[in-house]
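Everything on this sheet refers to the single structure shown next.
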Amino acid sequence: MLTLNQHPTGRHFLQIPGPSPVPDRILRALSLPTIDHRGPEFGALGLSVIEGLKQVFKTQHPVAIYPASGTGAWEAALANTMSPGDLVLMVETGQFAALWQKMAQRLGLQTEFLAEPGTCPETGLPLGWRHGVNAAAIEQRLRQDAGHRIKAVCVVHNETSTGVTSDIAAVRRAIDAAQHPALLMVDTISGLASADYRHDEWGVDVAISGSQKGLMLPPGISFNALSPRALAAGKGARLPRSFWAWDEIVEMNKGGYWPYTPSTNLLYGLHESLQMLLEQGLDAVFARHQRWAAGVRAAVRAWGLPIQCADAAVYSPVLTGVVTPPGVDADALRKLIHERFDLSLGTGLGKVKGRMFRIGHLGDSNDLTLVATVAGCEMGLKLAGVKLAGSGVAAIMDHFAEHRN
Ligand SMILES: Cc1ncc(COP(=O)(O)O)c(C=O)c1O
């Protein structure tokens, strides 16, 4: 038996912003016997998970499910709608936006990457990595594009590398105000089922999501929620695609089946996850994440450390980025905390590597696991010699005691 955990007792604290801790109910569902993916029982399962996903995405239109991580669903979104050389407008909100942009280039698309210039005097971090998407800048750029060369606007809903969300409804308003026909594509890989997301109401054409965040599943399946405009764009799009092609998937999904072997056991887990989320009600799920996030932010403020998100209007309900003081290597701190307290925290990615760490507050968590997470961070910070302004543990306990769900 492979032993990954040097701590012999208790559960590991997996407080990274995905994969998130998986609830026991879902673990049990995953362990059911695998069935024939062409048989009648499977068809019923397929139809049920597609229907449940539509409720979570808040859409009436098809949702494609892939046996792939979120990166695959990113590729599917572009490959199904774009032609070689098409121009896509993307916004540098962090590392995931940067990776999606790199992928678009590798697929043979032209990209324009809007970035907020400058660095933050307080933290030294790139300013764009502390804010959400600037919808006015998108509108301005689209207005200049009189010939409609831009075929898609691609934005990240919840930037998992920074802990900053973006106002997707404002991006749709910007596209409409510019009277531009570009498709709106939204990465809500770490937003869905934790942060408010409304596919049809916000006029999103393709949404991309994954299993291992708010849906509380292991990694391995991902999604494209579509709009009629996206499906129509797919008919004329010339980028090569086969495995990712929506047409065959959408057709076979009508009976609850797939053109190839789907991830049967992960779909059992998805079925359970959807039941849990819809039993609780999405509004309650979103409120729970907001409350957890506010508690964690109260702790970070009590320590006297900067929260990476510099705009209170777009704090992430899913994770909080904590900037370490100059000279304190955030990865060395994470290593110390992992070794001493069996607590995993998210690393700083790309341009902010070593300068910050990320606390995930999603998945199978509760008040006490988050108080313990803050305690692990606080002990680690003290052991690393960081002078703290006050106790984050006291602050998060007070917050949770004073604010009921
Ligand atoms: C916002 C965002 N986009 C894309 C990805 C890439 O997804 P995956 O690692 O599942 O391929 C992630 C993964 O964490 C993410 O958080």
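One-based numbering, in listed order, for ligands and for the atoms of each. What you see is a predicted model, and the numbers here were worked out from it, not measured in a lab.
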Checklist entry - Any salt bridge between R334 and D331, counting N to O under 4.0 Å? => result yes
Next on the checklist: Check for me whether the distance between the ring centres of Y66 and F223 falls short of 6.0 Å.
Outcome noted: no
Checklist entry - If you measure every N/O of V156 against every N/O of ligand 1, is any gap under 3.5 Å? => result no
Donor-acceptor pairs under 3.5 angstrom involving side-chain atoms of residues 210-222: please list them, not counting sequence neighbours.
unit_1: S211; atom_1: OG; unit_2: P218; atom_2: O; d: 2.8
unit_1: S211; atom_1: OG; unit_2: G220; atom_2: N; d: 3.4
unit_1: S211; atom_1: OG; unit_2: I221; atom_2: N; d: 3.3
unit_1: S211; atom_1: OG; unit_2: I221; atom_2: O; d: 3.1
unit_1: K213; atom_1: NZ; unit_2: P17; atom_2: O; d: 3.0
unit_1: S222; atom_1: OG; unit_2: A68; atom_2: O; d: 2.9
unit_1: S222; atom_1: OG; unit_2: S69; atom_2: O; d: 3.1

Checklist outcome for this item: Per-atom filter on ligand 1: closer than 4.0 angstrom to a heavy atom of S69 are 8 (P), 10 (O), 11 (O)
Checklist entry - With a 6.0 Å cut-off on ring centres, are H289 and H361 close enough? => result no
Checklist entry - In terms of residue, atom name and distance, what is the protein heavy atom nearest to atom 6 (C) of ligand 1? => result T71 OG1, 3.7 Å
Checklist entry - Hey, is W74 touching ligand 1 through its side chain, its backbone, both or neither, going by heavy atoms under 4.0 Å? => result side chain
Checklist entry - Going by an N to O cut-off under 4.0 Å, is there a salt bridge joining E112 and R141? => result yes
Next on the checklist: Students should be able to answer this: which protein heavy-atom is nearest to atom 12 (C) of ligand 1, and at what distance?
Outcome noted: F96 CE2, 3.3 Å
Checklist entry - What is the closest protein heavy atom to atom 14 (O) of ligand 1, and at what distance does it sit? => result K213 NZ, 2.7 Å
Checklist entry - Which of the numbered atoms in ligand 1 are below 4.0 angstrom from a heavy atom of G70? => result 7 (O), 8 (P), 10 (O), 11 (O)
Checklist entry - Who gets closest to atom 2 (C) of ligand 1 by heavy atom: L349, I221, V318, D187? => result D187
Checklist entry - Does at least one non-hydrogen atom of Q212 fall below 4.0 angstrom from an atom of ligand 1? => result yes
Checklist entry - Quick one: side chain to side chain donor-acceptor pair (under 3.5 Å) pairs with a partner in residues 290-307, sequence neighbours left out? => result R291-D367, R301-Y315, W303-E378
Item to check | Aromatic ring proximity Y197/H157, centre distance under 6.0 Å | outcome: yes
Item to check | Nearest protein heavy atom with distance in Å, relative to atom 16 (O) of ligand 1 | outcome: T160 OG1, 2.5 Å
